[in-house]
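Structure, as structure tokens:
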Amino acid sequence: MAYWLFKSEPDTFSLDDLQKLGHSPWDGVRNYQARNYLRSMKPGDQGFFYHSRVDPPGIAGLCKVISQPYADPTALDPKSKYFDEKSTPDNQRWSLVEVAYAEHFAHFVTLEQLRTHPNLGKMLVTRKGNRLSITPVEPDEWNIVLQLGRGK
DNA sequence: GCCAACGTTGGC
DNA sequence: GCCAACGTTGGC
């Protein structure tokens, strides 16, 4: 089982939104590196739900992968904002997984906290200029952030 | 809203 | 295959 960080702008799709829906396809990823991470996911993998472009940015809670990766149908839908004219039924460039709500952290873990924590400096999301919407998380990083988020 | 950082595109 | 131009992301 692997750990991931899923980034989303809460104005578009927040952890609250995922909670209301229960689960949702994580569609619209249009970056090859992020797509490759999606394609390596397995049901049961766990994820941080990160809120970007808000003040402060940070991790709001947890979600869980509940499907195998499959082709992102929005790439073939001309009406979707994620439509990709270079995708065809025979050549599906983009993938997604279904993600389920897991929990809200008692304490929102800010990007600042991640950056200043002595053992989290290597987290990819803290790197300057990082624009990947999905990044892998190391098990020790996962455990530290979990403690910060759940508080004690 | 600004703009640095980064990924993609396309002419050559 | 290079790289300038362009579009997007996301912290601030």
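So that the names make sense, note that chain A is the first sequence line, chain B the second, and so on, each numbered from 1. Heavy-atom basis, side chains included; hydrogens, waters and symmetry copies ignored.
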Answer with yes or no whether the side chains of A:R30 and A:T74 bring together a donor and an acceptor at under 3.5 Å. yes
Winner on side-chain proximity to A:K128, out of B:dA5, B:dG10, C:dG11, is B:dA5
What is the distance, to the nearest angstrom, from the NE2 atom on A:H51 to the C1' atom on C:dG11? 16 Å
What is the distance from CD of A:Q33 to P of B:dT8, rounded to the nearest Å? 9 Å
Please work out if A:D55 contacts a base, only the sugar-phosphate, or nothing of the nucleic acid, heavy-atom cut-off 4.0 Å. nothing
Could you tell me how far apart A:F13 (CZ) and C:dG10 (C1') are, to the nearest whole angstrom? 19 Å
Respond yes when some side-chain nitrogen or oxygen of A:K86 is under 4.0 Å from OP1 or OP2 of B:dT9, and no when none is. yes
Given B:dT9, C:dG10, B:dT8, identify the nucleotide with an atom nearest to the side chain of A:Y32. B:dT8
Test ring-ring contact (aromatic ring centres under 6.0 Å, His included) applied to A:W94 and A:Y32, A:Y82, A:Y70, the passing residue: A:Y32
Take atom CG of A:D84 and atom P of C:dG7, then tell me their distance rounded to the nearest Å. 17 Å
In whole angstrom, what separates A:R30's CZ from C:dT9's P? 11 Å
Rounded to the Å, how far apart are A:N130 CG and C:dG10 P? 8 Å
From B:dG7, C:dG10, B:dG10, pick the nucleotide closest to the side chain of A:R53? C:dG10
Between A:Y82 and C:dT8, is there a contact of a side-chain N or O with OP1 or OP2 at under 4.0 Å? no
Sub-4.5 Å side-chain heavy-atom contact between A:Q113 and A:L120: no
Please tell me whether A:W4 and A:I59 are part of a single hydrophobic cluster in this structure, the criterion being side-chain heavy atoms less than 4.5 Å apart. no
Does the plane of the ring in A:H51 sit parallel, tilted or perpendicular to the ring in A:F49? Use 30° and 60° as the thresholds. perpendicular
Could you give the CD-to-C1' distance, from A:E9 to B:dG1, as a whole number of Å? 14 Å
Send over the distance from A:R115 CZ to C:dG10 P, rounded to a whole Å. 13 Å
